[in-house]
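Everything on this sheet refers to the single structure shown next.
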2 protein chains.
Amino acid sequence: MSRRAFQDYDKPSVATDLVLMSVRTGRLAVLLQKRAHEPEAGKWALPGGFVDVGESLDAAAERVLAEKARMAGAWVEQLYTFGDLQRDPRGRVITVAYFALLPEEKFGPALTSAPDLALAEVQVDWAGETGGSARALDEEGLELPLAFDHADILGLAVKRLRGKLDYSDIAFALLPELFTLRELQQVHEAILGLSLNKPAFRRRLIDGGRLEATGRREAGTGFRPAELYRRKAP
Amino acid sequence: MSRRAFQDYDKPSVATDLVLMSVRTGRLAVLLQKRAHEPEAGKWALPGGFVDVGESLDAAAERVLAEKARMAGAWVEQLYTFGDLQRDPRGRVITVAYFALLPEEKFGPALTSAPDLALAEVQVDWAGETGGSARALDEEGLELPLAFDHADILGLAVKRLRGKLDYSDIAFALLPELFTLRELQQVHEAILGLSLNKPAFRRRLIDGGRLEATGRREAGTGFRPAELYRRKAP
DNA sequence: GCAATAGTGTCTTTCAGACACTATATC
DNA sequence: GATATAGTGTCTGAAAGACACTATTGC
(Lines give C-alpha, C1' and ligand atoms only; values in the text may rest on other atoms or scores of the structure.)
Protein backbone atom coordinates (compact mmCIF):
# COMPACT_ATOMS: atom_id res chain seq x y z
CA MET A 1 0.00 0.00 0.00
CA SER A 2 1.44 3.36 -0.96
CA ARG A 3 1.74 6.12 1.58
CA ARG A 4 -0.76 8.18 -0.33
CA ALA A 5 -3.41 5.47 -0.17
CA PHE A 6 -2.72 5.05 3.53
CA GLN A 7 -3.16 8.75 4.10
CA ASP A 8 -6.34 8.88 2.07
CA TYR A 9 -7.75 5.96 3.93
CA ASP A 10 -6.62 7.11 7.30
CA LYS A 11 -8.20 10.50 7.85
CA PRO A 12 -11.87 11.29 8.01
CA SER A 13 -13.02 14.49 6.33
CA VAL A 14 -14.13 17.29 8.60
CA ALA A 15 -17.04 19.55 7.73
CA THR A 16 -19.17 22.09 9.55
CA ASP A 17 -22.93 22.56 9.31
CA LEU A 18 -24.72 25.67 10.46
CA VAL A 19 -28.12 25.67 12.15
CA LEU A 20 -29.03 29.32 11.53
CA MET A 21 -32.24 29.95 13.43
CA SER A 22 -34.65 32.79 13.98
CA VAL A 23 -38.15 33.47 15.27
CA ARG A 24 -40.78 34.45 12.69
CA THR A 25 -44.41 35.20 13.60
CA GLY A 26 -43.99 33.52 16.94
CA ARG A 27 -42.47 30.32 15.56
CA LEU A 28 -38.94 28.95 15.46
CA ALA A 29 -37.45 28.96 11.97
CA VAL A 30 -34.25 27.68 10.37
CA LEU A 31 -32.39 28.54 7.18
CA LEU A 32 -32.21 25.62 4.73
CA GLN A 33 -30.58 25.18 1.36
CA LYS A 34 -32.06 22.99 -1.36
CA ARG A 35 -29.50 20.47 -2.62
CA ALA A 36 -28.96 20.65 -6.38
CA HIS A 37 -26.69 17.60 -6.69
CA GLU A 38 -26.48 14.01 -5.52
CA PRO A 39 -26.44 12.68 -2.95
CA GLU A 40 -29.76 13.74 -1.50
CA ALA A 41 -30.53 16.00 -4.48
CA GLY A 42 -33.76 17.90 -3.99
CA LYS A 43 -33.71 17.50 -0.24
CA TRP A 44 -33.10 20.38 2.11
CA ALA A 45 -29.84 20.69 4.02
CA LEU A 46 -28.25 22.93 6.59
CA PRO A 47 -25.70 25.27 5.01
CA GLY A 48 -22.30 23.68 5.42
CA GLY A 49 -18.82 23.15 4.04
CA PHE A 50 -15.54 21.40 4.59
CA VAL A 51 -13.10 22.72 7.15
CA ASP A 52 -9.88 23.89 5.59
CA VAL A 53 -6.70 22.72 7.23
CA GLY A 54 -5.66 26.33 7.63
CA GLU A 55 -8.76 27.60 9.40
CA SER A 56 -10.11 26.98 12.89
CA LEU A 57 -13.51 25.37 13.39
CA ASP A 58 -15.00 28.67 14.51
CA ALA A 59 -13.59 30.38 11.42
CA ALA A 60 -15.06 27.68 9.19
CA ALA A 61 -18.48 28.23 10.75
CA GLU A 62 -18.18 31.99 10.18
CA ARG A 63 -17.16 31.36 6.58
CA VAL A 64 -20.21 29.16 6.01
CA LEU A 65 -22.36 31.86 7.57
CA ALA A 66 -20.97 34.44 5.16
CA GLU A 67 -20.60 32.41 1.95
CA LYS A 68 -23.40 29.86 2.13
CA ALA A 69 -25.97 31.58 4.29
CA ARG A 70 -24.96 35.04 3.00
CA MET A 71 -25.28 36.67 6.38
CA ALA A 72 -23.10 38.26 9.04
CA GLY A 73 -23.10 39.36 12.62
CA ALA A 74 -24.85 36.34 14.09
CA TRP A 75 -24.45 34.84 17.54
CA VAL A 76 -22.54 31.65 16.73
CA GLU A 77 -21.83 28.79 19.09
CA GLN A 78 -20.62 25.23 18.66
CA LEU A 79 -23.40 22.66 19.08
CA TYR A 80 -22.16 19.07 18.74
CA THR A 81 -19.96 16.91 16.54
CA PHE A 82 -21.64 14.16 14.55
CA GLY A 83 -19.36 11.31 13.64
CA ASP A 84 -21.33 8.19 12.77
CA LEU A 85 -19.81 6.11 9.99
CA GLN A 86 -22.82 6.11 7.69
CA ARG A 87 -24.03 9.65 8.08
CA ASP A 88 -22.79 10.73 4.62
CA PRO A 89 -22.93 8.30 1.67
CA ARG A 90 -19.93 9.96 0.02
CA GLY A 91 -17.59 8.63 2.69
CA ARG A 92 -16.39 9.30 6.17
CA VAL A 93 -17.39 12.86 6.99
CA ILE A 94 -17.39 14.16 10.53
CA THR A 95 -19.35 17.35 10.91
CA VAL A 96 -18.96 19.90 13.66
CA ALA A 97 -22.41 21.48 13.92
CA TYR A 98 -22.78 25.09 15.00
CA PHE A 99 -25.90 27.00 15.78
CA ALA A 100 -26.34 30.65 14.92
CA LEU A 101 -29.05 33.16 15.76
CA LEU A 102 -30.24 36.29 13.98
CA PRO A 103 -33.39 38.45 14.06
CA GLU A 104 -35.83 37.72 11.28
CA GLU A 105 -35.32 41.11 9.57
CA LYS A 106 -31.76 40.12 8.69
CA PHE A 107 -32.86 37.26 6.44
CA GLY A 108 -34.47 39.36 3.72
CA PRO A 109 -31.49 40.02 1.42
CA ALA A 110 -30.22 36.43 1.51
CA LEU A 111 -33.63 34.96 0.76
CA THR A 112 -34.26 37.22 -2.23
CA SER A 113 -30.76 36.92 -3.71
CA ALA A 114 -30.42 33.14 -3.36
CA PRO A 115 -33.43 31.16 -4.61
CA ASP A 116 -32.14 27.89 -3.13
CA LEU A 117 -32.35 29.29 0.40
CA ALA A 118 -35.52 29.12 2.49
CA LEU A 119 -36.47 30.05 6.03
CA ALA A 120 -38.51 27.07 7.20
CA GLU A 121 -40.60 26.66 10.31
CA VAL A 122 -39.21 24.22 12.87
CA GLN A 123 -41.41 21.74 14.72
CA VAL A 124 -40.56 19.12 17.30
CA ASP A 125 -42.86 16.47 18.71
CA TRP A 126 -41.30 16.38 22.13
CA ALA A 127 -41.75 18.63 25.15
CA GLY A 128 -39.24 20.40 27.34
CA GLU A 129 -35.67 19.18 26.99
CA THR A 130 -36.51 15.60 26.17
CA GLY A 131 -34.70 15.82 22.86
CA GLY A 132 -35.17 14.12 19.52
CA SER A 133 -35.33 15.03 15.89
CA ALA A 134 -37.09 18.02 14.36
CA ARG A 135 -39.13 18.68 11.24
CA ALA A 136 -39.03 21.61 8.83
CA LEU A 137 -42.22 23.01 7.30
CA ASP A 138 -42.80 25.46 4.46
CA GLU A 139 -45.29 28.34 4.53
CA GLU A 140 -48.22 26.02 3.75
CA GLY A 141 -47.28 23.64 6.55
CA LEU A 142 -45.93 20.97 4.21
CA GLU A 143 -42.93 19.05 5.47
CA LEU A 144 -39.60 19.69 3.76
CA PRO A 145 -37.48 16.52 3.55
CA LEU A 146 -34.15 16.97 5.29
CA ALA A 147 -30.89 15.58 3.93
CA PHE A 148 -28.41 13.33 5.77
CA ASP A 149 -28.83 13.40 9.56
CA HIS A 150 -29.85 17.05 9.57
CA ALA A 151 -33.18 16.34 11.30
CA ASP A 152 -31.17 15.11 14.29
CA ILE A 153 -28.84 18.10 14.17
CA LEU A 154 -31.82 20.46 14.04
CA GLY A 155 -33.52 18.68 16.92
CA LEU A 156 -30.40 18.95 19.06
CA ALA A 157 -30.20 22.67 18.29
CA VAL A 158 -33.74 23.16 19.59
CA LYS A 159 -32.90 21.18 22.72
CA ARG A 160 -29.79 23.27 23.34
CA LEU A 161 -31.68 26.51 22.76
CA ARG A 162 -34.28 25.49 25.33
CA GLY A 163 -31.62 24.53 27.83
CA LYS A 164 -29.65 27.76 27.49
CA LEU A 165 -32.56 30.15 27.35
CA ASP A 166 -32.85 30.76 31.08
CA TYR A 167 -29.25 31.43 31.97
CA SER A 168 -27.84 32.98 28.81
CA ASP A 169 -28.51 35.92 26.54
CA ILE A 170 -29.49 33.97 23.44
CA ALA A 171 -33.01 35.45 23.31
CA PHE A 172 -31.53 38.89 22.66
CA ALA A 173 -29.71 37.55 19.60
CA LEU A 174 -33.12 36.93 18.03
CA LEU A 175 -34.38 40.48 18.49
CA PRO A 176 -33.39 43.89 17.14
CA GLU A 177 -31.48 46.22 19.43
CA LEU A 178 -34.69 47.75 20.79
CA PHE A 179 -37.60 45.48 21.64
CA THR A 180 -40.66 45.32 23.84
CA LEU A 181 -41.19 42.89 26.68
CA ARG A 182 -44.02 41.34 24.64
CA GLU A 183 -41.63 40.58 21.80
CA LEU A 184 -39.11 39.15 24.24
CA GLN A 185 -41.78 36.95 25.77
CA GLN A 186 -42.86 35.76 22.32
CA VAL A 187 -39.28 34.72 21.57
CA HIS A 188 -39.12 32.76 24.81
CA GLU A 189 -42.45 31.11 24.05
CA ALA A 190 -41.38 30.19 20.51
CA ILE A 191 -38.19 28.54 21.78
CA LEU A 192 -39.84 26.71 24.66
CA GLY A 193 -42.94 25.74 22.71
CA LEU A 194 -45.34 26.84 25.45
CA SER A 195 -47.02 30.00 26.71
CA LEU A 196 -45.72 31.89 29.72
CA ASN A 197 -47.36 33.88 32.47
CA LYS A 198 -47.03 37.60 31.73
CA PRO A 199 -46.51 39.09 35.23
CA ALA A 200 -44.09 36.35 36.21
CA PHE A 201 -42.13 36.78 32.99
CA ARG A 202 -41.86 40.55 33.43
CA ARG A 203 -40.81 40.24 37.07
CA ARG A 204 -38.17 37.64 36.36
CA LEU A 205 -36.61 39.43 33.40
CA ILE A 206 -36.68 42.93 34.88
CA ASP A 207 -35.36 41.72 38.24
CA GLY A 208 -32.72 39.74 36.37
CA GLY A 209 -30.94 43.04 35.68
CA ARG A 210 -29.96 42.23 32.10
CA LEU A 211 -32.52 44.67 30.66
CA GLU A 212 -32.37 48.41 30.31
CA ALA A 213 -35.48 50.56 29.82
CA THR A 214 -35.04 53.23 27.15
CA GLY A 215 -38.04 55.45 27.93
CA ARG A 216 -38.93 55.23 24.23
CA ARG A 217 -42.05 53.46 22.96
CA GLU A 218 -42.89 51.39 19.93
CA ALA A 219 -44.81 53.07 17.08
CA GLY A 220 -47.68 52.24 14.75
CA THR A 221 -49.41 49.72 16.93
CA GLY A 222 -53.05 50.83 16.81
CA PHE A 223 -53.20 50.36 20.56
CA ARG A 224 -51.23 51.42 23.57
CA PRO A 225 -47.53 51.21 22.61
CA ALA A 226 -45.18 49.32 24.90
CA GLU A 227 -41.89 50.64 26.22
CA LEU A 228 -38.77 49.70 24.30
CA TYR A 229 -35.99 47.91 26.15
CA ARG A 230 -32.44 47.06 25.23
CA ARG A 231 -30.05 44.46 26.52
CA LYS A 232 -27.86 45.86 29.24
CA ALA A 233 -24.15 45.62 28.42
CA PRO A 234 -22.59 42.67 30.27
CA MET B 1 1.49 20.28 -6.54
CA SER B 2 0.82 16.56 -6.67
CA ARG B 3 -2.51 15.15 -5.65
CA ARG B 4 -0.89 13.40 -2.73
CA ALA B 5 0.53 16.61 -1.34
CA PHE B 6 -2.84 18.24 -1.79
CA GLN B 7 -4.56 15.47 0.14
CA ASP B 8 -2.02 15.57 2.91
CA TYR B 9 -2.31 19.28 3.20
CA ASP B 10 -6.06 19.36 2.96
CA LYS B 11 -7.39 17.30 5.83
CA PRO B 12 -6.93 18.03 9.50
CA SER B 13 -6.26 15.08 11.77
CA VAL B 14 -9.04 14.09 14.14
CA ALA B 15 -8.34 12.87 17.65
CA THR B 16 -10.35 12.28 20.79
CA ASP B 17 -9.39 13.10 24.37
CA LEU B 18 -11.08 11.63 27.39
CA VAL B 19 -11.79 13.52 30.61
CA LEU B 20 -12.29 10.56 32.91
CA MET B 21 -13.43 11.95 36.23
CA SER B 22 -14.34 10.67 39.65
CA VAL B 23 -14.88 11.86 43.20
CA ARG B 24 -12.25 10.90 45.78
CA THR B 25 -12.44 11.92 49.44
CA GLY B 26 -14.98 14.58 48.63
CA ARG B 27 -12.97 16.14 45.79
CA LEU B 28 -13.27 16.00 42.02
CA ALA B 29 -10.50 14.00 40.39
CA VAL B 30 -9.37 13.26 36.84
CA LEU B 31 -7.27 10.55 35.28
CA LEU B 32 -4.07 11.89 33.69
CA GLN B 33 -1.26 10.26 31.76
CA LYS B 34 2.32 11.46 31.95
CA ARG B 35 3.72 12.13 28.49
CA ALA B 36 6.92 10.21 27.77
CA HIS B 37 7.74 11.84 24.42
CA GLU B 38 7.91 15.25 22.79
CA PRO B 39 6.01 17.42 22.39
CA GLU B 40 5.16 18.34 25.95
CA ALA B 41 7.24 15.45 27.35
CA GLY B 42 6.92 15.21 31.13
CA LYS B 43 3.65 17.10 31.21
CA TRP B 44 0.36 15.49 32.06
CA ALA B 45 -2.27 14.88 29.40
CA LEU B 46 -5.77 13.51 29.12
CA PRO B 47 -5.78 9.98 27.67
CA GLY B 48 -6.42 10.29 23.95
CA GLY B 49 -5.83 8.94 20.50
CA PHE B 50 -6.50 9.47 16.83
CA VAL B 51 -9.88 8.58 15.39
CA ASP B 52 -9.69 5.81 12.83
CA VAL B 53 -11.53 6.36 9.58
CA GLY B 54 -13.44 3.13 10.22
CA GLU B 55 -14.70 3.93 13.70
CA SER B 56 -17.30 6.38 14.94
CA LEU B 57 -16.36 9.15 17.37
CA ASP B 58 -18.19 7.40 20.20
CA ALA B 59 -16.33 4.17 19.40
CA ALA B 60 -13.01 6.00 19.41
CA ALA B 61 -13.78 7.42 22.87
CA GLU B 62 -14.67 3.94 24.13
CA ARG B 63 -11.45 2.58 22.67
CA VAL B 64 -9.41 5.25 24.45
CA LEU B 65 -11.25 4.39 27.66
CA ALA B 66 -10.31 0.73 27.30
CA GLU B 67 -6.80 0.95 25.84
CA LYS B 68 -5.37 4.15 27.30
CA ALA B 69 -7.31 4.53 30.53
CA ARG B 70 -7.60 0.75 30.98
CA MET B 71 -11.16 0.92 32.25
CA ALA B 72 -14.64 -0.08 31.14
CA GLY B 73 -18.28 0.52 31.89
CA ALA B 74 -18.11 4.27 32.31
CA TRP B 75 -20.78 6.84 31.58
CA VAL B 76 -19.39 8.49 28.45
CA GLU B 77 -20.68 11.64 26.77
CA GLN B 78 -19.32 14.01 24.16
CA LEU B 79 -18.11 17.30 25.61
CA TYR B 80 -16.85 19.70 22.94
CA THR B 81 -14.63 19.81 19.87
CA PHE B 82 -11.45 21.85 20.08
CA GLY B 83 -10.17 23.05 16.74
CA ASP B 84 -7.81 25.98 17.11
CA LEU B 85 -4.95 26.01 14.65
CA GLN B 86 -2.14 26.11 17.19
CA ARG B 87 -3.45 23.74 19.82
CA ASP B 88 -1.02 20.95 18.86
CA PRO B 89 2.55 21.79 17.76
CA ARG B 90 2.73 18.64 15.59
CA GLY B 91 0.20 20.04 13.14
CA ARG B 92 -3.45 20.54 12.59
CA VAL B 93 -5.20 18.28 15.08
CA ILE B 94 -8.86 18.68 15.90
CA THR B 95 -9.85 16.86 19.07
CA VAL B 96 -13.33 15.75 20.01
CA ALA B 97 -13.29 15.76 23.80
CA TYR B 98 -15.44 13.33 25.76
CA PHE B 99 -16.04 13.16 29.45
CA ALA B 100 -16.49 9.91 31.31
CA LEU B 101 -17.45 9.12 34.89
CA LEU B 102 -16.66 6.19 37.15
CA PRO B 103 -16.72 5.52 40.91
CA GLU B 104 -13.33 5.79 42.58
CA GLU B 105 -13.14 2.06 43.42
CA LYS B 106 -12.85 1.27 39.71
CA PHE B 107 -9.54 3.12 39.32
CA GLY B 108 -7.45 0.78 41.45
CA PRO B 109 -6.32 -1.78 38.85
CA ALA B 110 -5.47 0.80 36.19
CA LEU B 111 -3.43 2.92 38.59
CA THR B 112 -1.39 -0.01 39.88
CA SER B 113 -0.79 -1.62 36.47
CA ALA B 114 0.14 1.57 34.60
CA PRO B 115 2.70 3.75 36.37
CA ASP B 116 2.21 6.65 33.94
CA LEU B 117 -1.43 7.05 35.01
CA ALA B 118 -2.47 9.20 37.96
CA LEU B 119 -5.75 10.23 39.49
CA ALA B 120 -5.26 13.94 40.16
CA GLU B 121 -7.40 16.33 42.14
CA VAL B 122 -9.20 18.97 40.05
CA GLN B 123 -9.46 22.59 41.14
CA VAL B 124 -11.08 25.57 39.49
CA ASP B 125 -10.85 29.19 40.56
CA TRP B 126 -14.32 30.16 39.40
CA ALA B 127 -17.73 29.68 40.99
CA GLY B 128 -20.94 28.24 39.63
CA GLU B 129 -21.04 27.87 35.89
CA THR B 130 -18.81 30.82 35.06
CA GLY B 131 -16.38 28.60 33.24
CA GLY B 132 -12.63 28.79 32.70
CA SER B 133 -9.64 26.54 32.92
CA ALA B 134 -8.89 24.02 35.65
CA ARG B 135 -5.81 22.87 37.52
CA ALA B 136 -4.68 19.39 38.46
CA LEU B 137 -3.00 18.69 41.82
CA ASP B 138 -1.15 15.66 43.15
CA GLU B 139 -1.62 14.17 46.62
CA GLU B 140 0.62 16.81 48.22
CA GLY B 141 -1.31 19.63 46.58
CA LEU B 142 1.41 20.41 44.06
CA GLU B 143 0.21 21.48 40.63
CA LEU B 144 0.72 19.05 37.77
CA PRO B 145 1.52 20.86 34.50
CA LEU B 146 -1.04 20.02 31.83
CA ALA B 147 -0.12 19.48 28.17
CA PHE B 148 -1.61 21.25 25.13
CA ASP B 149 -4.96 22.94 25.85
CA HIS B 150 -5.98 20.26 28.31
CA ALA B 151 -6.47 22.74 31.16
CA ASP B 152 -9.24 24.33 29.06
CA ILE B 153 -10.78 20.96 28.22
CA LEU B 154 -10.75 19.97 31.88
CA GLY B 155 -12.32 23.28 32.90
CA LEU B 156 -15.10 22.85 30.37
CA ALA B 157 -15.77 19.36 31.70
CA VAL B 158 -16.24 20.75 35.21
CA LYS B 159 -18.59 23.42 33.87
CA ARG B 160 -20.63 20.84 31.99
CA LEU B 161 -20.79 18.56 35.03
CA ARG B 162 -22.11 21.41 37.16
CA GLY B 163 -24.70 22.31 34.57
CA LYS B 164 -26.00 18.78 34.11
CA LEU B 165 -25.99 17.75 37.76
CA ASP B 166 -29.51 18.90 38.57
CA TYR B 167 -31.45 17.46 35.69
CA SER B 168 -29.49 14.34 34.78
CA ASP B 169 -28.32 11.16 36.47
CA ILE B 170 -24.59 11.83 36.26
CA ALA B 171 -24.13 11.78 40.05
CA PHE B 172 -25.11 8.10 40.13
CA ALA B 173 -22.34 7.31 37.66
CA LEU B 174 -19.84 8.36 40.35
CA LEU B 175 -21.19 6.03 43.02
CA PRO B 176 -21.42 2.26 43.47
CA GLU B 177 -24.78 0.60 42.94
CA LEU B 178 -25.73 1.04 46.59
CA PHE B 179 -24.97 4.32 48.33
CA THR B 180 -26.14 6.46 51.22
CA LEU B 181 -27.70 9.88 50.90
CA ARG B 182 -24.63 11.30 52.60
CA GLU B 183 -22.39 9.89 49.88
CA LEU B 184 -24.73 11.23 47.21
CA GLN B 185 -24.67 14.66 48.81
CA GLN B 186 -20.87 14.57 48.99
CA VAL B 187 -20.75 13.87 45.25
CA HIS B 188 -23.02 16.83 44.56
CA GLU B 189 -20.91 19.05 46.80
CA ALA B 190 -17.68 17.96 45.13
CA ILE B 191 -19.02 18.74 41.68
CA LEU B 192 -20.57 22.08 42.63
CA GLY B 193 -17.70 23.15 44.86
CA LEU B 194 -19.97 24.23 47.71
CA SER B 195 -21.78 22.72 50.67
CA LEU B 196 -25.47 21.96 50.57
CA ASN B 197 -28.24 22.02 53.13
CA LYS B 198 -28.95 18.50 54.35
CA PRO B 199 -32.76 18.54 54.84
CA ALA B 200 -33.31 20.38 51.57
CA PHE B 201 -31.04 17.98 49.69
CA ARG B 202 -32.82 14.92 51.09
CA ARG B 203 -36.26 16.32 50.33
CA ARG B 204 -35.36 17.26 46.79
CA LEU B 205 -33.71 13.98 45.88
CA ILE B 206 -36.26 11.70 47.56
CA ASP B 207 -39.21 13.65 46.14
CA GLY B 208 -37.49 13.57 42.75
CA GLY B 209 -38.46 9.93 42.47
CA ARG B 210 -35.18 8.74 40.95
CA LEU B 211 -34.10 7.02 44.16
CA GLU B 212 -35.14 3.67 45.61
CA ALA B 213 -34.65 2.79 49.28
CA THR B 214 -33.31 -0.71 49.78
CA GLY B 215 -34.05 -1.21 53.49
CA ARG B 216 -30.41 -2.25 53.90
CA ARG B 217 -27.87 -0.22 55.85
CA GLU B 218 -24.19 0.53 55.47
CA ALA B 219 -21.77 -1.41 57.66
CA GLY B 220 -18.65 -0.70 59.66
CA THR B 221 -19.27 2.96 60.35
CA GLY B 222 -18.64 3.22 64.08
CA PHE B 223 -21.80 5.31 64.38
CA ARG B 224 -25.42 5.02 63.33
CA PRO B 225 -25.41 3.45 59.83
CA ALA B 226 -27.37 5.15 57.08
CA GLU B 227 -29.85 3.47 54.79
CA LEU B 228 -28.56 2.33 51.41
CA TYR B 229 -30.30 3.62 48.29
CA ARG B 230 -30.04 2.69 44.66
CA ARG B 231 -30.89 4.55 41.48
CA LYS B 232 -34.41 3.76 40.33
CA ALA B 233 -34.49 2.31 36.81
CA PRO B 234 -35.50 4.99 34.29
C1' DG C 1 -23.96 6.57 78.90
C1' DC C 2 -21.13 8.85 75.14
C1' DA C 3 -20.04 9.99 70.52
C1' DA C 4 -21.26 10.62 66.12
C1' DT C 5 -24.12 10.74 62.46
C1' DA C 6 -29.03 9.58 60.59
C1' DG C 7 -33.09 11.45 59.83
C1' DT C 8 -37.18 14.82 60.68
C1' DG C 9 -40.27 18.95 62.01
C1' DT C 10 -40.99 23.48 61.29
C1' DC C 11 -40.35 28.34 60.43
C1' DT C 12 -39.17 31.68 57.12
C1' DT C 13 -38.15 33.45 52.70
C1' DT C 14 -38.36 33.42 47.95
C1' DC C 15 -40.49 33.00 43.76
C1' DA C 16 -43.64 31.32 40.14
C1' DG C 17 -48.51 30.95 38.64
C1' DA C 18 -52.98 32.84 38.52
C1' DC C 19 -56.14 36.41 38.24
C1' DA C 20 -57.93 40.63 38.32
C1' DC C 21 -57.32 45.13 38.15
C1' DT C 22 -55.75 49.89 36.50
C1' DA C 23 -53.37 52.68 32.84
C1' DT C 24 -52.81 54.55 28.35
C1' DA C 25 -52.19 54.60 23.64
C1' DT C 26 -54.94 54.70 18.80
C1' DC C 27 -59.08 55.24 16.47
C1' DG D 1 -65.84 56.48 24.36
C1' DA D 2 -64.51 51.89 22.38
C1' DT D 3 -60.84 48.80 21.98
C1' DA D 4 -56.77 46.52 22.63
C1' DT D 5 -52.82 45.91 24.88
C1' DA D 6 -49.43 47.73 28.61
C1' DG D 7 -48.34 47.25 33.00
C1' DT D 8 -49.24 46.26 38.21
C1' DG D 9 -51.09 44.49 42.90
C1' DT D 10 -51.96 40.69 45.41
C1' DC D 11 -53.09 36.04 46.76
C1' DT D 12 -51.62 31.32 46.91
C1' DG D 13 -48.81 27.37 46.75
C1' DA D 14 -44.34 25.07 46.03
C1' DA D 15 -39.80 24.63 47.35
C1' DA D 16 -35.23 25.97 49.39
C1' DG D 17 -32.46 27.53 53.44
C1' DA D 18 -31.80 27.58 58.29
C1' DC D 19 -32.05 25.58 62.64
C1' DA D 20 -33.08 22.69 66.07
C1' DC D 21 -34.63 18.61 67.46
C1' DT D 22 -35.19 13.41 67.94
C1' DA D 23 -33.48 8.65 66.64
C1' DT D 24 -30.26 4.99 66.38
C1' DT D 25 -26.10 2.67 66.08
C1' DG D 26 -21.17 1.24 67.88
C1' DC D 27 -18.35 1.42 71.58
>> So B:Pro225, base contact, sugar-phosphate only, or nothing? Heavy-atom distance under 4.0 Å.
In response: sugar-phosphate
> Just how far, in rounded Å, is P of C:dG7 from CG of B:Leu196?
Replying inline: 17 Å
>> Nearest whole Å is fine: how far is C:dT5 C1' from B:Glu218 CD?
In response: 9 Å
> Side chain of A:Asn197, base of C:dA16: donor and acceptor closer than 3.5 Å?
Replying inline: no
>> Reading DNA chain C from 5' onward, which residue's closest nucleotide shows up sooner: A:Gly222 or A:Pro199?
In response: A:Pro199
> Between C:dA6 atom P and B:Phe201 atom CZ, what is the distance in whole Å?
Replying inline: 12 Å
>> Within the 4.5 Å heavy-atom criterion, are A:Trp126 and A:Lys159 side-chain neighbours or not?
In response: yes
> Hey, does the side-chain of B:Arg203 have a donor or acceptor N/O within less than 3.5 Å of a partner on the base of C:dT10?
Replying inline: yes
> Which part of the nucleic acid, if any, lies within contact of B:Arg202, taking any heavy atom under 4.0 Å across all strands shown: a base, the sugar-phosphate backbone alone, or nothing?
Replying inline: base
>> Within the 4.0 Å heavy-atom criterion, would you say B:Arg217 contacts the bases, only the backbone, or no part of the nucleic acid?
In response: sugar-phosphate
>> Please compare B:Arg204 and B:Lys198 by the position of their nearest nucleotide in DNA chain D and report the one closer to 5'.
In response: B:Arg204
> Nearest-Å distance, CD (A:Glu227) to C1' (C:dA25)?
Replying inline: 14 Å
>> Under 4.0 Å, heavy atoms only, any strand: does B:Arg182 hit a base, just the sugar-phosphate, or nothing?
In response: sugar-phosphate
> Can you check the A:Leu181 CG to C:dA23 P distance for me, whole Å?
Replying inline: 20 Å
>> What is the distance, to the nearest angstrom, from the CD atom on B:Gln185 to the C1' atom on C:dG7?
In response: 12 Å
>> Tell me the interatomic distance from A:Arg216, atom CZ, to C:dT24, atom P, rounded to whole angstroms.
In response: 21 Å
> Do the side chains of A:Phe82 and A:Asp149 get nearer than 4.5 Å, heavy atoms only?
Replying inline: yes
>> Return whichever of B:Phe223 or A:Phe223 has its heavy-atom-nearest nucleotide of DNA chain C closer to the 5' end.
In response: B:Phe223
>> Between C1' on D:dG7 and CG on A:Leu205, what's the gap in Å once rounded to a whole number?
In response: 14 Å
> Do A:Lys43 and A:His150 come within less than 4.5 Å of each other through their side chains, counting heavy atoms only?
Replying inline: no
>> Whether the side chain of B:Arg224 and the base of C:dA4 hold a donor-acceptor pair under 3.5 Å is what I'd like checked.
In response: no
> With ring centroids as reference points, do B:Tyr80 and A:Tyr80 lie under 6.0 angstrom apart?
Replying inline: no
> Between B:Asp17 and B:Thr95, does any side-chain donor sit less than 3.5 Å from a side-chain acceptor?
Replying inline: yes
